[in-house]
Amino acid sequence: MTVQEHNRIKAGEPAKPDRQRKRDPERTAAAILEAAIAEFSQAGYDGARIDGIARRARVNKRMLYHYFGSKEGLYLAVLEGRYAAIRAAERELDLTRREPVEAMRQLVLFTWNYYIEHPEFLAILAAENQNKARFLTRSDDIVRLNSPLIAAIRDVLHRGEAEMLFRPGVDPVELYISMASLGAFYLSNRWTLATVFQRELLSTAALDAWGEHIVEMVLAFLRP
């Protein structure tokens, strides 16, 4: 498998139909990754079983080891692939070409909606945080995958500051952590929050309203 094919598989992209000779290996690896995402998001690293992943993917374990080497190698591919997928989707926002306030609004709403539409992303991140990122620290790609997002946010902040739309000196990493936290905490604690405060938190109207709430929180913070 080529580097380009492996990167497409990690990001969840389908095999290219005009490459008949490569189609079956790509599909097999993609099926293994899809099964692994489900297994790891439900059971975490320690609870996930290679036998279970192989059954989900409808392959034998030897095929799994052939593509990914080990359970650890497969788990790391899942982690990198989930980050690659969200970062690739963020690039479609084209933040550096948008007006600063609109760019920030679109990034906030994108992040919130991505968490809603991809619960496995938050589940896998929660599992890796329980492991204190011991597997993610072994990745050779993770910093490179995330750097373009921070560069884009920094560009938006600088342009917003120059136009006197945003306050000066905002750290792009701190800002992203804040906006992500406002969404991730809501979703990861939705059942307890709904019970404790007797609120409907999972209706479409409630989710849409919270997305707008995050937007307002972020923009209010950024105002000079």
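Hydrogens, waters and symmetry mates are skipped; everything else that's a heavy atom, side chains included, is used.
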Legend entry - Pairs where residues 113-126 contributes a residue and the test side-chain hydrogen bond (donor to acceptor under 3.5 Å, both in side chains) is met, not counting sequence neighbours: His118-Glu120
Inset, instruction - Please round to the nearest 0.5 Å and tell me the distance separating atom CG of Asp141 and atom CG of Leu79. - result: 12.0 Å
Identify every side-chain donor-acceptor pair in residues 212-224 under 3.5 Å, counting partners at least two apart or on other chains, and give the distances.
from, atom 1, to, atom 2, distance (Å)
Glu212, OE1, Arg105, NH1, 3.1
Glu212, OE1, Arg105, NH2, 3.2
Glu212, OE2, Arg105, NH2, 2.8

Legend entry - Smallest separation among heavy atoms of Ala35 and Ala57, with atom names: CB-N, 3.6 Å
Inset, instruction - Please round to the nearest 0.5 Å and tell me the distance separating atom CG of Asn60 and atom CZ of Arg55. - result: 13.5 Å
Inset, instruction - Quick one: list whatever passes salt bridge (charged side-chain N to carboxylate O under 4.0 Å, His left out) with Asp51, sequence neighbours left out. - result: Lys61
Give the table of side-chain donor-acceptor pairs shorter than 3.5 Å for residues 147-159, with sequence neighbours excluded, one pair per line with atom names and distance.
from, atom 1, to, atom 2, distance (Å)
Ser147, OG, Val143, O, 2.7
Asp155, OD2, Arg159, NE, 2.9
Asp155, OD2, Arg159, NH2, 3.4
Arg159, NH1, Arg98, O, 2.9
Arg159, NH2, Leu95, O, 3.2
Arg159, NH2, Thr96, O, 3.4
Arg159, NH2, Arg98, O, 3.0

Inset, instruction - Not counting sequence neighbours, which residues clear side-chain hydrogen bond (donor to acceptor under 3.5 Å, both in side chains) with Glu99? List them please. - result: none
Inset, instruction - Quick one: closest heavy-atom pair of Ala180 and Thr111, and the distance? - result: CA-CG2, 4.5 Å
Acceptor/donor pairs from residues 168-179 side chains to any protein atom, 3.5 angstrom cut, sequence neighbours excluded:
from, atom 1, to, atom 2, distance (Å)
Asp171, OD1, Val173, N, 2.8
Asp171, OD1, Glu174, N, 2.9
Tyr176, OH, Arg87, NH2, 3.0
Ser178, OG, Glu174, O, 3.0

Legend entry - Contacts of Glu161 that satisfy side-chain hydrogen bond (donor to acceptor under 3.5 Å, both in side chains) - sequence neighbours left out: none
Inset, instruction - Hey, could you give me the CD1/CZ distance between Ile50 and Phe68, rounded to the nearest 0.5 Å? - result: 10.5 Å
Inset, instruction - Sorted by first residue and then second, give each ring-ring contact (aromatic ring centres under 6.0 Å, His included) pair with at least one member in residues 177-196; sequence neighbours left out. - result: Trp112-Tyr186, Tyr186-Trp210
Inset, instruction - Check for a donor-acceptor pair, side chain of Glu128 on one end and backbone N or O of Leu136 on the other, with a separation under 3.5 Å. - result: yes
Inset, instruction - With the side chain counted from C-beta on, respond yes when Asn131 and Tyr75 share a heavy-atom pair under 4.5 Å apart, and no when they do not. - result: yes
Inset, instruction - Using salt bridge (charged side-chain N to carboxylate O under 4.0 Å, His left out) as the criterion, list what pairs up with Glu72, not counting sequence neighbours. - result: Arg138
Inset, instruction - Kindly give the heavy-atom pair with the smallest separation between Leu201 and Ala194, and that separation in Å. - result: CD1-N, 3.5 Å
Legend entry - NZ on Lys71 to OH on Tyr65, rounded to 0.5 Å: 9.0 Å
Legend entry - Arg58 CZ: over 12 foreign heavy atoms closer than 6.0 Å: no
Inset, instruction - Would you kindly confirm whether Leu193 and Val196 end up in one hydrophobic cluster when ILVMFWY residues are joined by side chain heavy atoms under 4.5 Å apart? - result: yes
Legend entry - Tyr67 side chain near Pro25 side chain, heavy-atom distance below 4.5 Å: yes
Could you give the side-chain donor-acceptor pairs of residues 41-48 under 3.5 Å, partners two or more places apart or in another chain?
from, atom 1, to, atom 2, distance (Å)
Ser41, OG, Ile37, O, 2.9
Ser41, OG, Ala38, O, 3.0
Gln42, OE1, Arg56, NH2, 2.8

Legend entry - Nearest-0.5 Å distance that lies between atom CD1 in Ile124 and atom CG in Asn129: 12.5 Å
Legend entry - Set of salt bridge (charged side-chain N to carboxylate O under 4.0 Å, His left out) partners for Arg62, sequence neighbours left out: none
Legend entry - Ile32 CD1 to Leu64 CG distance, which is reported to the nearest 0.5 Å: 4.5 Å
Legend entry - Residues forming a side-chain hydrogen bond (donor to acceptor under 3.5 Å, both in side chains) with Glu163, sequence neighbours excluded: none
